[in-house]
There are 2 protein chains.
Amino acid sequence: MHNSSAPLIGKKYTVRCSACRVRGWGLCEPIHDDELDVVERFKAGDKVLEAGQDLFREGEPSRELYTVLEGWMFLYKLLEDGRRQIAKIVLPGDFVGFQPDLEALLDHSAQALTDVRLCVFPRDNFLELNRAHPELAIRLTCLVAHDVEMSRDRLTSVGRRSARERVAHFLLGLFYRVRLRHQEPRGASIPMPLTQEHIGDALGLTSVHVNRTLRNLRDEGLIEIANRRLHILDPDRLADAAGFDEDSLGRT
Amino acid sequence: MHNSSAPLIGKKYTVRCSACRVRGWGLCEPIHDDELDVVERFKAGDKVLEAGQDLFREGEPSRELYTVLEGWMFLYKLLEDGRRQIAKIVLPGDFVGFQPDLEALLDHSAQALTDVRLCVFPRDNFLELNRAHPELAIRLTCLVAHDVEMSRDRLTSVGRRSARERVAHFLLGLFYRVRLRHQEPRGASIPMPLTQEHIGDALGLTSVHVNRTLRNLRDEGLIEIANRRLHILDPDRLADAAGFDEDSLGRT
DNA sequence: CGTATCATTGACGTCGGTCAATTCGTGTGG
DNA sequence: CCACACGAATTGACCGACGTCAATGATACG
């Protein structure tokens with residue numbers, strides 16, 4: 001199991017903030033270049049995870065906070081009997097692990113979809129750092145507030161849209177989100193490390209029904225999934241199928 | 001239409017922060033008593049809304065931020081064809097209207113369930129206020145982060161729980177949330193201004209199915225709804241029906 | 001009283017779930 | 001290079017939870 005590009009496992013260096021791949025996206029975006037060393041001194045190092053591994057699990061105490069540098073993850077919750085809800089697909093630049101009470105136990109889990117490299121912040125004194133750097137605090141608030149928006153969007157899909165609309169909406173949203181973030185070639189396709197089961201667990205569907213829905217969309221020439229990549233063949237008609245609201249494409 | 005207690009409409013005075021009913025709950029909780037006048041000078045006044053009125057609507061520019069002082073509201077999103085998803089039940093002490101980009105258009109609407117009194121903050125310079133008061137900024141972050149938790153909880157319900165589990169979970173969660181907040185008599189009942197349609201729109205169900213589900217729970221002696229009040233008759237068995245996770249009762 | 005809103009209930013339909021078999025794809029060992 | 005293993009994708013047959021439609025009550029309010 002490894003990323004599409006170069007494997008991460010084994011590379012043991014620590015990313016310098018000044019050369020950080022997500023300099024423009026992560027928590028540190030509003031931090032002045034010449035203040036960056038304050039954050040860098042605070043940073044506890046990098047962490048590398050293989051695809052399929054959990055970064056943390058619901059019920060554990062929170063020890064660290066993370067910015068994803070490379071690779072994809074997802075956040076999820078489990079019910080007692082094993083039913084799973086995936087709450088968020090995490091892309092490079094996303095900040096994970098924050099919760100209202102940093103002393104409390106974690107209320108959700110996080111798992112790597114691909115091999116992943118993370119920037120690690122110690123939990124202790126994290127609020128101090130924010131107090132000392134109001135810009136950081138405000139940026140954090142905005143990141144979290146954006147999570148609320150995405151989460152309510154998803155809730156609206158799962159609560160009120162048909163399976164077809166949900167899948168179309170999800171794929172299109174993911175597509176735009178990835179395209180905004182990756183400086184990658186601007187083709188009409190993105191990497192697709194999610195299985196149909198992942199998609200189902202994100203949308204409140206079974207993988208079987210996701211499969212049928214994807215086949216419909218494929219048969220109609222709207223999308224294509226091959227080689228672990230998602231191709232958007234007809235964005236307009238896909239947006240129709242999604243009942244997509246173009247406004248909701250803010251800075252994700 | 002009016003609140004269970006005294007009607008709000010017509011009372012035109014402005015609540016003093018020092019006598020604020022939600023002093024211990026709202027955004028200002030961490031603000032020192034002797035600093036409170038800074039916030040008070042920032043406050044733009046009170047606003048009163050009748051039950052059923054919208055405070056703001058999706059797509060409008062954001063002008064103000066609010067703390068609910070009295071009464072209940074809900075946040076919701078509409079699809080083009082009118083389907084509605086209720087994202088949050090808003091109680092006194094809750095802060096509403098914040099979004100990642102304060103310049104952007106609102107991505108959701110807010111409506112009063114009962115008559116409501118709000119504390120109004122101007123949107124402009126709100127971030128300045130936060131910059132000047134790091135405690136406020138951090139408190140805001142925590143409030144927003146708590147919204148994420150609640151939203152993901154709801155998502156998990158809607159995505160992965162049966163109608164029965166959803167309804168039981170929702171009622172129990174609301175019950176605890178209200179009880180934590182109101183200094184009210186600690187009986188086993190709370191006010192219930194929500195219609196069955198509201199409950200359905202919050203849980204991704206139709207009002208008809210909510211009705212049937214409520215009847216089941218009532219027939220089994222778990223709950224009772226009468227006189228616009230919800231009575232929890234058997235919290236333990238209701239928690240069973242919900243597959244309720246007792247951990248998730250943090251400081252809501 | 002008349003009207004409006006909400007709750008309730010029955011008959012019936014369907015979207016999406018369940019179960020299970022088959023195929024595909026990719027990585028592994030011989 | 002081939003045989004095999006294992007997870008994921010695919011497909012069909014069937015089913016049931018929840019939605020739709022529509023009628024009837026119950027309450028509240030002007």
Touch class at under 4.0 angstrom, heavy-atom based, for [X] against every strand present:
X: Leu214(A); value: nothing
X: Arg164(A); value: nothing
X: Gly52(B); value: nothing
X: Gly200(A); value: nothing
X: Ser207(B); value: nothing

Please give, in whole Å, the distance from [N] [atom2] to [X] [atom1]?
X: Arg166(B); N: dC18(D); atom1: CZ; atom2: C1'; result: 9 Å
X: Ile225(A); N: dA9(D); atom1: CD1; atom2: P; result: 8 Å
X: His209(A); N: dG17(C); atom1: NE2; atom2: P; result: 6 Å
X: Arg160(B); N: dA17(D); atom1: CZ; atom2: P; result: 17 Å
X: Arg215(A); N: dT10(D); atom1: CZ; atom2: P; result: 9 Å
X: Glu165(B); N: dA17(D); atom1: CD; atom2: C1'; result: 12 Å
X: Asn227(A); N: dA8(D); atom1: CG; atom2: P; result: 17 Å
X: Asn211(B); N: dA23(D); atom1: CG; atom2: P; result: 18 Å

Review point. Does the side chain of Arg161(A) get closer than 4.0 angstrom to OP1 or OP2 of dC15(C) through an N or O atom?
Key: no
* side-chain N/O Arg218(A) vs dA9(D) OP1/OP2, d < 4.0 Å -> no
Q) Does Arg228(B) get its side chain close enough to the base of dT5(C), under 3.5 Å, for a donor-acceptor pair? A) no
Quiz prompt | Polar pair under 3.5 Å, donor/acceptor by atom type, side chain Arg212(B), base dT20(D) | solution = yes
Walking DNA chain C from its 5' end, the first of His198(B) and Ala163(A) to be reached, judged by nearest nucleotide, is His198(B)
More than 12 heavy atoms of other groups within 6.0 Å of Asp81(B) CG
yes
Value for CG (Asp147(A)) from CD (Glu149(B)), rounded to nearest 0.5 Å, stands at 11.5 Å
task = Before accepting this row, confirm whether a basic side-chain N of the pair Glu64(A)/Lys47(A) lies closer than 4.0 Å to the acidic partner's carboxylate O.
result = yes
Exercise. Taking 4.0 angstrom as the limit, do Asp240(B) and Arg237(B) come out as a salt bridge?
Worked result: no
Closest to the side chain of Thr195(B), out of dA8(D), dC6(C), dC19(C), is dC6(C)
Regarding the side chain of Gln196(B), the nearest nucleotide among dT10(D), dA7(C), dG16(C) is dA7(C)
After noting the C-alpha distance and the side-chain angles of Arg152(A) and Asp107(B), does the key distance pass the salt bridge (Lys or Arg N to Asp or Glu O under 4.0 Å) rule? CA-CA 10 Å; Arg152(A) 288 178 179 160; Asp107(B) 84 314; over 6 Å; no
